[in-house]
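Remarks on the structure that follows.
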Amino acid sequence: MTKNTKAQTKSTSTDREVKFAVCAIIDLQGFSSHLEMSGYDLRTAIGKHAIERLNQLQDAMERVSAEKTRRPEFYPNSLYIQRINDAIVVTMDLDDILMPSIGQTGFHGLLANDVEDFFSAEEMEDKARFTTALETRLKTAVVPLEQFLGVISRIHLFIQDREARGYFPGAKTIVSSGFRKPFVASDDSEDFLSANFAFANATLADKVLRGPHLFVDNNILEILSRDRFAQHLMQFSQFDWRISSFDPLTSEGEEQARPPKPELHAPHTIELLRRRYVFRQLSASPLSYLQHLKNIEPFLNGVRNADRSNLFYAHVCDAIRYGIGGKRIHDGDPPPSFINSGGNDLDVDVIEFVEFLTNGESPTKAARQKQRRRAQQGLKDLEPGSELAKKLDALDEQEVTIDLESIDVAQLGHAIWSLTEETISGLLPIMSGDMSLLDFPIDRGD
C-alpha cells in the first residue's frame with residue numbers, strides 16, 4: 001500500500017477502533033418537579049402540560065430530521081439523535097485527524113508521528129505544500145463540527161422559545177467531547193451511546209452546571225477556532241446582553257430606555273472522570289450561524305458579492321465576516337447586533353440566509369409565510385391548483401395603500417437589535433431616517 005493510498009484510507013475516518021466524538025444533551029429544566037406536582041399522573045391538567053413540553057422536543061427532532069433530508073449540505077453526514085425521557089441527545093464522531101494525542105482530552109495539533117497517516121509523500125514534499133495541505137485538511141475536518149454546534153444552537157433556541165410561550169423554565173444544553181468505542185448491536189445497528197464518553201461527560205457535567213443555558217466544552221471551541229469565521233461567531237457568543245439595573249445613587253430621574261450591557265461569563269472548570277474540563281456558558285444565537293458557514297463562505301471571503309438588499313442578513317454577514325474587533329474585545333464593548341436576536345431557530349429554514357445573500361429574496365421564506373397564512377385561515381390542506389387557491393394567491397399579490405406614520409429608525413434605539421429578520425422586513429416600509437444605523441459597525445483600523 002502506498003502512502004497516498006494510506007492517506008486516502010485514513011482520511012475517511014472509518015478505520016480506527018476508538019473515535020473522538022461530540023455529544024449534546026438538551027434537557028428540560030424542572031421537569032421532575034413538574035411531574036411531581038402532577039402526582040406522576042399524565043392525565044391531570046399539570047400532567048398534560050408536561051406532555052406538551054415533551055411534544056416540543058419531538059417537534060424539534062422531527063424538524064431537524066425533515067430539514068436534514070431537504071438540506072443535506074447544511075448537515076454533517078453522521079448525526080445520531082435520540083430522545084431519552086425529557087432530553088434530546090445528539091452525538092457525532094469527529095474526523096480522525098482531530099483525535100487528541102494519547103493522554104490529552106482535546107486536539108491541540110497533529111503530531112509528527114501521525115503525519116504520514118493523513119498526507120501523501122507529494123503533500124509532504126516541502127514546507128509550503130505541507131502547510132497548505134494541512135490547513136485545507138483541518139478546515140475540511142472542522143466543517144461537520146461547525147454544522148453540529150450550529151444545529152444544536154438552533155434546537156436550543158427553538159426549545160427556549162417554545163418553553164417561554166408556555167411560561168416553562170426552558171432547557172439546559174451541554175455540549176461535550178470525549179472518546180467513543182464503537183459497538184454493534186445484535187441487529188447489526190451501531191449503538192452510539194454505549195462506551196461514548198462524550199455522552200458520559202455531558203451527563204456528568206449536567207449535574208454541576210446550572211440554569212437554562214448553553215454550555216460548551218472548551219476543547220470543542222479550540223477546534224472551531226481554526227476557522228476564523230467560526231472564531232468570530234464565538235467572540236459574539238461570549239457576551240450575554242443584560243438590561244442594566246437602575247442605580248438610584250448614580251441615575252437621575254426615570255430611565256425607561258436603559259440600554260442592555262454586555263456581560264462576560266466566567267468559565268466553569270470541572271472534573272469529569274478524573275480529568276479536567278472547562279465549559280463556557282455561551283449565547284446560542286451567534287452560534288446558530290455556524291451551520292451556515294460552509295454555504296456562505298464565498299460571500300464571507302469576497303469571492304462572490306452578496307446582495308445587500310435585505311438589511312438584516314447584510315448586517316449578519318458583515319458581523320460574521322469582520323468579527324467584533326480587537327479593541328472592542330479588549331474593552332469588553334461589543335457592538336449591538338442582529339446576530340444576537342435569537343431568531344435563527346428551527347422555525348427558519350436553513351437555506352433562507354443563502355437565498356437572501358444570493359438574490360436579495362427568499363422563495364423558501366415566501367412559501368413558508370404563505371403556508372402559515374393558509375393555516376391561520378383554516379386552509380392548511382388547500383390544494384395548490386384549486387380555484388380557491390388561485391383566488392387567494394391573486395388576493396395576496398394585490399397592493400393596498402395605507403397611510404401610516406413613519407418610524408424614525410433612531411427612535412427604536414437598542415430595542416431594534418432584538419428583532420428578528422421577519423419583523424425587521426415587516427417594519428422597513430414604514431421606517432425612515434438614517435438606515436445606515438442598521439449596518440454592522442466595521443472598525444477597519446482594528
Side-chain angles (χ1 to χ4, degrees), residues 1-22 73-79 92-150 177-182 198 216-235 275 278 287 289-304 320-323 326 446:
M1 180 180 291
T2 65
K3 287 182 179 179
N4 190 43
T5 305
K6 184 179 180 183
Q8 291 173 349
T9 303
K10 289 291 185 181
S11 65
T12 60
S13 297
T14 59
D15 60 332
R16 293 188 182 239
E17 292 186 358
V18 175
K19 302 292 185 182
F20 188 47
V22 288
E73 68 274 21
F74 288 89
Y75 281 81
N77 292 329
S78 173
L79 191 71
M92 180 189 75
D93 292 334
L94 296 180
D95 194 302
D96 282 342
I97 200 171
L98 299 176
M99 180 75 71
S101 305
I102 294 178
Q104 300 293 321
T105 59
F107 175 74
H108 306 298
L110 193 64
L111 293 180
N113 294 340
D114 296 329
V115 169
E116 290 187 359
D117 289 347
F118 300 99
F119 298 97
S120 66
E122 290 78 14
E123 290 172 320
M124 297 186 293
E125 190 172 352
D126 57 60
K127 182 178 179 181
R129 184 173 298 184
F130 174 68
T131 300
T132 300
L134 178 62
E135 290 178 353
T136 302
R137 183 68 177 78
L138 288 176
K139 185 175 182 179
T140 301
V142 167
V143 168
L145 182 56
E146 292 174 344
Q147 295 174 330
F148 177 88
L149 187 53
S177 62
F179 298 102
R180 183 178 81 88
K181 173 64 175 77
V216 183
D217 174 0
N218 220 47
N219 290 325
I220 295 172
L221 303 180
E222 184 173 353
I223 293 174
L224 290 175
S225 67
R226 294 175 181 275
D227 181 336
R228 65 188 175 101
F229 299 125
Q231 188 174 36
H232 291 166
L233 289 172
M234 287 188 290
Q235 291 170 356
R275 302 305 299 269
V278 177
L287 294 181
Y289 291 100
L290 284 168
Q291 195 177 0
H292 300 76
L293 289 186
K294 176 185 175 183
N295 295 280
I296 65 172
E297 185 178 23
F299 301 108
L300 298 174
N301 284 328
V303 175
R304 295 183 62 184
I320 299 172
R321 184 176 184 180
Y322 297 105
D446 224 358

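Position 1 is the first residue of the sequence; numbering continues from there.
- Distance check: I320 CD1 to F299 CZ gives 12.0 Å after rounding to the nearest 0.5 Å.
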### Task
For M99 and F179, run side-chain contact (heavy atoms from CB on, under 4.5 Å): C-alpha distance rounded to whole Å, both residues' side-chain angles, the deciding distance at 0.1 Å, then the answer.
CA-CA 9 Å; M99 180 75 71; F179 298 102; 3.6 Å; yes

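- For the atom pair CE of M124 and CD of E122, the computed distance is 9.0 Å after rounding to the nearest 0.5 Å.
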### Message
Under the criterion side-chain contact (heavy atoms from CB on, under 4.5 Å), I'd like the reasoning laid out for Q291 against Y75: C-alpha separation, chi angles, the key distance, then a yes or no.
### Response
CA-CA 7 Å; Q291 195 177 0; Y75 281 81; 3.3 Å; yes

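- Between the OG1 atom in T105 and the CG atom in N219 there is a gap of 4.5 Å [rounded to 0.5 Å].
- Distance alone, capped at 3.5 Å, places no donor-acceptor pair between the N301 side chain and the V303 backbone.
- Heavy-atom minimum distance, G106 versus P100: O-CB, 3.3 Å.
- Of the listed residues (V22, L233, V216), just one forms a side chain to side chain contact (heavy atoms under 4.5 Å, CB included) with L149, and that residue is V216.
- Using a 4.5 Å heavy-atom cutoff, the side chains of L94 and K19 are not in contact.
- Among residues two or more places apart in sequence or in another chain, the ring pair (Phe, Tyr, Trp, His ring centres under 6.0 Å) test is passed with Y289 by H292, F353.
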### L290 and L224: CA distance, side-chain angles, deciding distance, side-chain contact (heavy atoms from CB on, under 4.5 Å) verdict
CA-CA 10 Å; L290 284 168; L224 290 175; 4.3 Å; yes

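- Here the side chain of Q147 pairs no donor or acceptor atom with the backbone of N77 at under 3.5 angstrom.
- Annotation: side chain of L98 is in contact with side chain of L138 (closest heavy-atom distance under 4.5 Å).
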### Task
Could you go through the side-chain hydrogen bond (donor to acceptor under 3.5 Å, both in side chains) check for D217 and S177 one step at a time?
CA-CA 7 Å; D217 174 0; S177 62; 2.5 Å; yes

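- The shortest side-chain heavy-atom distance between L293 and L300 falls under the 4.5 Å cut-off.
- Across all their heavy atoms, A198 and A21 have their closest contact at CB-O, 3.6 Å.
- The distance from atom CD of E297 to atom CZ of R304, rounded to the nearest 0.5 Å, is 12.5 Å.
- Checked against salt bridge (charged side-chain N to carboxylate O under 4.0 Å, His left out), R129 has the following partners two or more places apart in sequence or in another chain: E125.
- How far OH of Y322 is from CZ of R228: 9.5 Å, rounded to the nearest 0.5 Å.
- S225 contributes a side-chain N or O that, together with a main-chain N or O of E222, makes up a donor-acceptor pair within less than 3.5 Å.
- No side-chain heavy atom of F107 sits under 4.5 Å from any side-chain heavy atom of D95.
- Rounding to the nearest 0.5 Å gives a distance of 5.5 Å between CD of E17 and NZ of K181.
- For the pair F20 and I223, the tightest heavy-atom approach, listed with the atom from each and the gap, is CE2-CD1, 4.2 Å.
- Side-chain contact between F148 and I220: absent, with no pair of heavy atoms (C-beta onward) separated by less than 4.5 Å.
- When all heavy atoms of M92 and S78 are compared, the pair lying nearest together is CG-O, 2.8 Å.
- The two residues A230 and E146 have their closest heavy-atom pair at CB-OE2, 3.6 Å.
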